[in-house]
Amino acid sequence: MSDLIKRVKAAKRERTMQMWRTFRANRAAYASLYVLAAMALMALIGAFYTPYDPYRIDLSAALGFFSLAHPLGTDWLGRDMLSRVMEGARYTLGISFAAVLLGAALGSALGLVSGYYGGLLDAIIQRATDVLLAFPTILLAIALTSVLGVGIVNVVLAAGIATVPIYIRLVRNLTLTLRNEPYVEAGRAMGLSGPYILFRHILPNLSYVIVVQSTYYMGITILIVSALGFLGLGVPKPIPEWGTMIGDARDYIFTYPHVVLVPGVFISAAALAFNLLGDGLRDALDPRMATLLRRA
Amino acid sequence: MSEVVIRGRGIVKEFRLGLTGRLRLRAVDGVDLEVVKGETVALVGESGSGKTTLGRILVGLLRPDRGTVTYREWGLGGRLPRHVRARLQVVFQNPDASLNPRMQVMDILAEAIRAAGDTDSREEVLDRAISLLEMVGLSADHLPKYPHELSGGEKQRVAIARALAMRPEVVLADEPVSALDAIVRAQILELMYRLQRDWGLTYIFISHDLSHVWYLSDRVAIMYAGQIAEVGPTEDIFREPAHPYTAMLLTSSTSVLPYKPRLTVRPVGESPSLISPPPGCRFHPRCPYATEQCRAERPELRPIGPGRLVACIHAEKVLRS
Amino acid sequence: MTLLDVRGLTIHYDLPQGTVRAVEDATFTVDRGEVVAIIGESGSGKTTLAMAIAGLLRPPGRVVRGHIYFDGLDLSRLDDDKWREIRGRDITVVFQDPNTYLNPLMSVGRQVAEVFEAHGMGSIRSREVAERAIEILRRVRIQDPDKRYWSYPHELSGGMKQRVLIAMAIALKPKLLIADEPTSALDATIQAQILDLLEELRREMGMSLLLITHDLGVAARIAHRIIVMYAGQMVEVGRADEIMSDPLHPYTRALVRSVKLDRKRLLGVPSGAPPSLISPPPGCRFHPRCPYATEQCTTWRHTLYVRDNRRVACVLYA
């Protein structure tokens with residue numbers, strides 16, 4: 001008896017392991033995981049320790065190229081670039097993460113309700129989504145910050161809310177499909193309640209899509225947050241949010257390109273890593289992949 | 001005498017199409033049907049005949065726009081008490097979509113066992129799950145498996161076990177074997193037959209394969225374009241169709257049947273659009289017996305022999321020819 | 001008069017998980033004007049076999065051994081250019097799902113006309129080609145072919161689309177038409193019309209028909225001979241009526257029993273499912289499910305024994 005329950009649990013673990021193995025088989029995704037872990041670690045360390053004070057101005061060392069003392073050089077005020085990148089990582093990555101979390105949570109909840117219950121509520125949510133989707137995400141984010149004003153919380157709100165309509169549409173469409181799946185209908189025939197079906201049968205089958213999409217959106221959101229910073233609409237100076245750093249240094253782009261390139265490379269690397277990670281997660285989490293592989 | 005468990009009267013179901021819902025597709029158009037305890041009633045027809053929609057309405061999974069459906073003393077249409085809802089179960093066509101891909105067989109069955117309110121104790125749930133699997137020809141070894149680790153036939157067996165967990169009186173089986181290979185089809189049909197024999201289940205069996213209908217059903221309702229063309233005992237109808245469409249269907253079928261229908265009607269044409277169906281009898285454009293009256297009046301379902309009803313004004317002629 | 005002569009054809013798929021032995025040692029002929037049905041469950045290798053004969057086998061699938069002689073020509077040694085010439089003219093294929101094979105943005109008449117153009121018989125724009133296309137549409141019993149010429153696929157029903165596909169396949173009077181589950185997606189009354197049409201066209205044009213199907217009933221309706229495949233191997237070949245009334249191989253018996261259903265009886269069909277083709281069981285591939293299996297069956301080498309008009313791959317008939 002208990003032996004059987006053990007076997008059921010072992011099979012569940014084995015499935016998780018299988019997902020992990022599928023994920024690891026995707027080299028690029030696996031490598032991205034290390035890149036992102038390194039960046040997260042950098043952000044964490046940056047909160048407590050940086051080689052120099054990222055805000056200390058030292059005009060005598062201004063615009064220095066890569067050196068032993070300043071591995072990533074210094075900017076036009078002589079501030080150490082490595083220290084600034086480490087300090088800024090917390091802002092860029094943290095804000096992007098919070099924004100995606102906000103967008104995904106809000107958008108998915110609205111999409112789920114809209115798709116499962118339909119009716120007037122669905123109609124209202126969908127028309128609002130139509131309007132919002134008519135604007136490119138970045139424009140929407142810019143519009144929102146100009147209303148909300150500059151500030152860290154406002155950047156999170158702007159970048160997060162800007163992705164909400166995308167999540168609503170995605171989750172609603174999937175919910176509409178899943179709602180008519182035979183196993184959901186069988187659940188209804190068993191007399192299971194709406195919320196139960198929603199959480200037990202629909203959400204688990206959606207969640208992997210939400211996770212994968214959110215990973216992709218992390219990449220996009222990093223770019224949005226940086227773009228807002230670049231435009232001076234994001235995190236205010238002198239906080240070295242990576243986009244703000246580029247915007248701040250744009251005058252030196254032709255004469256001392258490293259002041260722009262260093263944060264630029266970090267932004268691109270983070271965005272790319274999240275995209276590759278998303279690909280890996282998609283293959284690993286999709287239950288149909290396992291079936292397809294078995295059939296082939 | 002025979003005890004009617006489900007009674008449908010004047011069932012109409014429309015689906016709205018297009019952005020504004022201006023187009024209306026009448027999937028089921030004025031159907032009366034009764035389901036008798038312990039029998040298998042087959043709903044037979046081609047795509048667009050309304051058989052699936054009707055089946056769902058009969059077990060309360062869809063609400064008709066007009067007409068009434070009752071299961072014993074309960075009206076199906078609103079919310080049902082849980083123990084009543086449990087008595088009407090379903091098995092669907094596509095085994096790949098019938099089971100939640102993220103749940104193990106154990107979880108799938110445990111959910112149903114708990115929903116049936118049988119027990120909450122872990123040990124008892126496990127016991128019941130094993131006995132359900134054994135009822136459908138599987139074993140405890142299947143409990144740890146995920147749906148993608150099962151063959152099509154095994155998935156369908158689990159879906160049947162899940163339905164049985166509710167201790168149903170009526171099971172709607174919507175093309176339960178059409179996605180399976182021939183031998184597995186026979187295995188599942190045989191299982192359904194055995195379960196019915198041993199547990200007195202009542203089946204509403206939706207199928208387009210006449211040999212399956214022949215094997216399993218006591219009565220058959222032939223559906224055409226949202227209406228019942230003919231209903232009655234399977235043997236009588238297969239031997240002597242009274243509706244020209246039934247005869248055409250029997251003539252067309254590639255199913256291996258023990259004998260040819262008395263009347264052969266060469267298949268011509270296609271099923272009509274349900275958005276703008278032909279006036280009068282919907283079959284008249286394809287019917288070799290069609291007359292002026294067929295084009296003008298919708299034929300009523302009327303008795304023609306013991307337990308048989310037919311919606312054709314020329315039925316006597318069809319039977320005699 | 002033999003048109004198609006397949007000898008010892010063996011096809012493998014090389015996959016990362018292993019070699020899939022999709023078809024092993026297929027040997028059969030199709031005469032001129034004959035209808036032969038290859039019947040089997042999913043994974044029996046019937047479609048792979050048909051694709052190889054039509055020259056449509058793509059990697060990772062490859063012919064390991066064997067020959068396909070068509071009209072005296074060894075198809076297994078043909079280069080791509082020569083294949084293009086033969087396929088679409090002498091050998092044509094009709095598939096199950098017409099939607100996949102019709103261009104949604106082109107009128108169906110022009111798609112038929114395109115067949116003539118592709119084989120150098122005049123421009124699609126020429127009046128003559130258009131008239132020939134309309135003539136072909138009429139041949140597949142499409143009503144008002146000159147009007148239908150300008151219809152787009154989405155304006156036609158599934159049965160109509162299948163007729164258009166058949167029109168394209170017979171446009172150049174092929175010697176062999178391969179129909180892969182041509183009616184599986186269609187309703188019964190439409191299926192019957194399409195099968196009747198194929199049979200009429202075959203008789204009118206004297207072509208041979210190779211029908212690939214999982215449905216014994218479909219095969220029995222129009223085929224002269226039936227080839228039964230199980231797990232990549234031919235298990236029985238014989239006249240359609242004889243196979244239906246007196247199947248010899250235990251697998252064929254199970255198959256026939258599972259479609260000839262008697263009312264409310266226990267059927268006694270074997271349990272289990274076809275084996276993996278990566279690691280098939282040794283000996284007879286059906287032995288793990290076979291009620292007559294003996295020790296001998298685990299070491300037996302696949303052979304088709306001749307018995308009256310039949311060939312059957314089972315030691316019971318050795």
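Below, each value reflects all heavy atoms present in this structure, side chains not excepted, and no hydrogens, waters or symmetry copies. Every chain is numbered from 1, with letters handed out A, B, ... down the list of sequences.
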Lys/Arg-Asp/Glu bridge criterion (N-O < 4.0 Å) met for B:D236, B:R308: no
Segment of C:L216 engaging chain B (4.5 angstrom heavy-atom cut-off): neither
Using a cut-off of under 4.5 Å for heavy-atom pairs, which of C:R141, C:K260, C:M160 has the most such pairs with chain B? C:K260
Sub-4.5 Å heavy-atom contacts with chain B: which residues of residues 185-192 of chain C show up? C:D187, C:A188, C:T189, C:I190, C:Q191, C:A192
Please check: side-chain N/O of C:Q111 versus main-chain N/O of C:L102, any donor-acceptor pairing under 3.5 Å? no
Does the side chain of C:Y101 pick up a donor-acceptor pair with the side chain of C:Q96 at under 3.5 Å? no
Of C:D196, C:L195, C:L255, the largest count of non-hydrogen pairs under 4.5 angstrom with chain B goes to C:L255
Proximity of residues 142-159 of chain C to chain B, residues having a non-hydrogen atom under 4.5 angstrom: C:S157, C:G159
Would you say C:D215's side chain and C:G217's backbone share a donor-acceptor pair under 3.5 angstrom? yes
Compute whether any side-chain donor of one residue and acceptor of the other, for C:H214 and C:E181, lie under 3.5 angstrom apart. yes
Report the option among B:P258, B:G137, B:A182, B:G152 that has the most heavy-atom pairs separated by less than 4.5 Å from atoms of chain C. B:A182
I need the C:I136 CD1 to C:I166 CD1 distance, nearest 0.5 Å. 12.5 Å
Take a 6.0 Å sphere around CZ of C:R263 and say whether it holds more than 12 heavy atoms from other residues, nucleotides or ligands. yes
Can you tell me which portion of B:L216 sits under 4.5 Å from chain C's heavy atoms? Options are side chain, backbone, both or neither. backbone
Counting only heavy atoms closer than 4.5 Å, note whether B:D209 contacts chain C via side chain, backbone, both or neither. neither
State, yes or no, whether a side-chain contact exists between B:Q187 and B:L180 at a heavy-atom distance under 4.5 Å. no
Under-4.0 Å salt bridge between C:R203 and C:E200: no
Polar side-chain atom of B:K51 near backbone of B:G45 as donor-acceptor pair, under 3.5 Å: yes
So, C:S258 side chain and C:A254 main chain: donor-acceptor pair closer than 3.5 Å or not? yes
To the nearest 0.5 angstrom, please state how far the OG atom of C:S184 sits from the CD1 atom of C:I212. 11.0 Å
Heavy atom to heavy atom, less than 4.5 Å: which residues from residues 188-205 of chain B reach chain C? B:L189, B:E190, B:Y193, B:R194, B:Q196, B:R197
Using atom types as modelled and distance alone, determine if a side-chain donor or acceptor of B:S217 lies under 3.5 Å from a backbone N or O of B:V220. no
What part of B:T251 gets closer than 4.5 Å to chain C, counting heavy atoms only: side chain, backbone, both or neither? backbone
Under the 3.5 angstrom rule, does the side chain of B:D174 hit a backbone N or O of B:Q93 as a donor-acceptor pair? no
Proximal to chain B - members of residues 220-245 of chain C, heavy-atom separation under 4.5 Å: C:R221, C:M244
Most contacts with chain C, counted as non-hydrogen pairs under 4.5 angstrom, among B:R286, B:H208, B:R185, B:E154: B:R286
Would you say C:R253 and C:Y292 are linked by a side-chain donor-acceptor pair, where the criterion is simply a distance under 3.5 Å? yes
Are the side chains of B:H284 and B:P278 in contact, using a 4.5 Å heavy-atom criterion? yes
From B:L99 atom CG to B:H148 atom NE2, the distance as rounded to the nearest 0.5 Å: 12.0 Å
Counting heavy-atom pairs under 4.5 Å to chain C, which of B:A186, B:S211, B:P267 comes out on top? B:P267
Sort B:S253 into side chain, backbone, both or neither according to what part of it lies under 4.5 angstrom from a heavy atom of chain C. backbone
Do C:E24 and C:R285 meet the salt-bridge criterion of a basic N to acidic O distance under 4.0 Å? yes
C:H249 vs C:Y251 aromatic rings, parallel, tilted or perpendicular, using cut-offs 30° and 60°? perpendicular
Evaluate the side-chain proximity of C:L211 to C:P182: yes if any heavy-atom separation is below 4.5 Å, no if none is. yes
Any chance you could measure C:Q162, atom CD, to C:F95, atom CZ, to the nearest 0.5 Å? 10.5 Å
